[in-house]
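One structure is given here, and the rest of the page talks about it.
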Amino acid sequence: DSVAEPTWLDYLTASFNDPDITAAGGYVRGRNGISFQSKAQSVNVLGQHDPLAMSGNDPKVFEGTPDRAIKTEGTNCAFRSDVLRKLGGFDPAFRFYLDETDVNIRLGIIHAKTAIVPMAQVHHGFAPSRQRHQNRMPRTLFDVGRSLAVFLRKHAAVADFEPTLAAFRLEQRARVLRHMVAGTCEPRDVDRVLQTLEAGIADGRDLLLTPLTQVAKQSAGFLPFKSSFTEPNSSFLSGRYFEQTRLCDSAQKLAKSGQRV
């Protein structure tokens, strides 16, 4: 459910020309293509975010600490592979939530340096899935609750576990109630969805957590990406709002001929 700017990868990977850089993250724009969902942030062992001081479009390097890591968004980040392998890679105990934040915390423990690259931009929508409807109303909060419980077990102090869960419950309840007020769910859906959150938290509490071990380097390189395009040509179309019908028709014709539009 994300689309990268054409220059995204050039900006993001340029940071790794500095051998001291272990990770890189960019900015994430919302569905309107204008506002930002996330910029530069740090994250603590409770999964709570705070903004980092950034100005202009130049990259800036931050060093993480065990208490305050540098946050990268899962939809827009890169890691130096040898360091990530030594850390054990991504923890399969997580589903889709807090998995990259867990990596950020582990990088903070070793005081790794992360480059935040404003010009490495990705547009993030919210595609419907088994997790949520098209209108972003959650179908289930099981995996969210499960991952948060796992995250807190791994990184938080015991005294912070229950207060953090209590605050998260209130946050998710308010989220579902906003949908009810907006008419994107029925009142009966509120308790049902919140019950999936409790089930996920319970599962995360009981899950057997196994220590991560170093990931071996694969002998083979990356598999080739099979492109659906038959021609190397690219076309960029732009125009005024009232021209959108003509432009979309042109884009579809060019795409069917194999061009990237």
Could you work out, with side chain to side chain contact (heavy atoms under 4.5 Å, CB included) as the rule, every residue matching [X], not counting sequence neighbours?
X: Glu243; value: Arg240, Arg246, Leu247
X: Gln214; value: Lys86
X: Ser81; value: Arg85
X: Asp143; value: Arg95, Phe96, Arg130, Gln131

ask   = Tell me, which pairs form a ring-ring contact (aromatic ring centres under 6.0 Å, His included) where one or both residues lie in residues 104-134, sequence neighbours left out?
value =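 Residue pairs with at least one partner in residues 104-134: His124-Phe126.
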
Note to self: I need the full list of ring-ring contact (aromatic ring centres under 6.0 Å, His included) pairs touching residues 2-33, with sequence neighbours left out, sorted by first then second residue.
What the structure shows: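 Sorted result for residues 2-33: Tyr27-Phe36.
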
Connected to Val215, directly or through other members, by ILVMFWY side-chain contacts below 4.5 Å are none

Apart from Phe79 itself, its cluster of hydrophobic side chains linked below 4.5 Å comprises Val83, Leu84, Leu87, Phe90, Val103, Leu107, Ile110

Out of curiosity, Met119 CE to Glu5 CD, how far, rounded to the nearest 0.5 Å?
->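 The CE atom of Met119 sits 8.0 Å away from the CD atom of Glu5.
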
| said: Run the salt bridge (Lys or Arg N to Asp or Glu O under 4.0 Å) test against Asp1 and tell me which residues pass, sequence neighbours left out. | reply: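 Partners of Asp1 by the salt bridge (Lys or Arg N to Asp or Glu O under 4.0 Å) criterion, ordered by chain and then number, come out as Arg132.
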
* Partners meeting salt bridge (Lys or Arg N to Asp or Glu O under 4.0 Å) with Arg31 (sequence neighbours left out) ->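 For Arg31 there are no salt bridge (Lys or Arg N to Asp or Glu O under 4.0 Å) partners, ignoring immediate neighbours.
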
| message | Run the salt bridge (charged side-chain N to carboxylate O under 4.0 Å, His left out) test on Lys71 and Asp50 for me, step by step, so that the C-alpha distance in whole Å, both residues' side-chain angles and the decisive distance to 0.1 Å come before the verdict. | response | CA-CA 9 Å; Lys71 181 80 171 72; Asp50 284 309; over 6 Å; no

Quick note, side chain to side chain donor-acceptor pair (under 3.5 Å) partners involving residues 112-122, not counting sequence neighbours, are Arg29-Gln121

Side chain to side chain donor-acceptor pair (under 3.5 Å) pairs touching residues 149-174, sequence neighbours excluded, are Asp91-Lys154, Asp102-Lys154, Asp102-His155, Glu162-Arg205, Arg169-Glu198, Gln172-Arg175

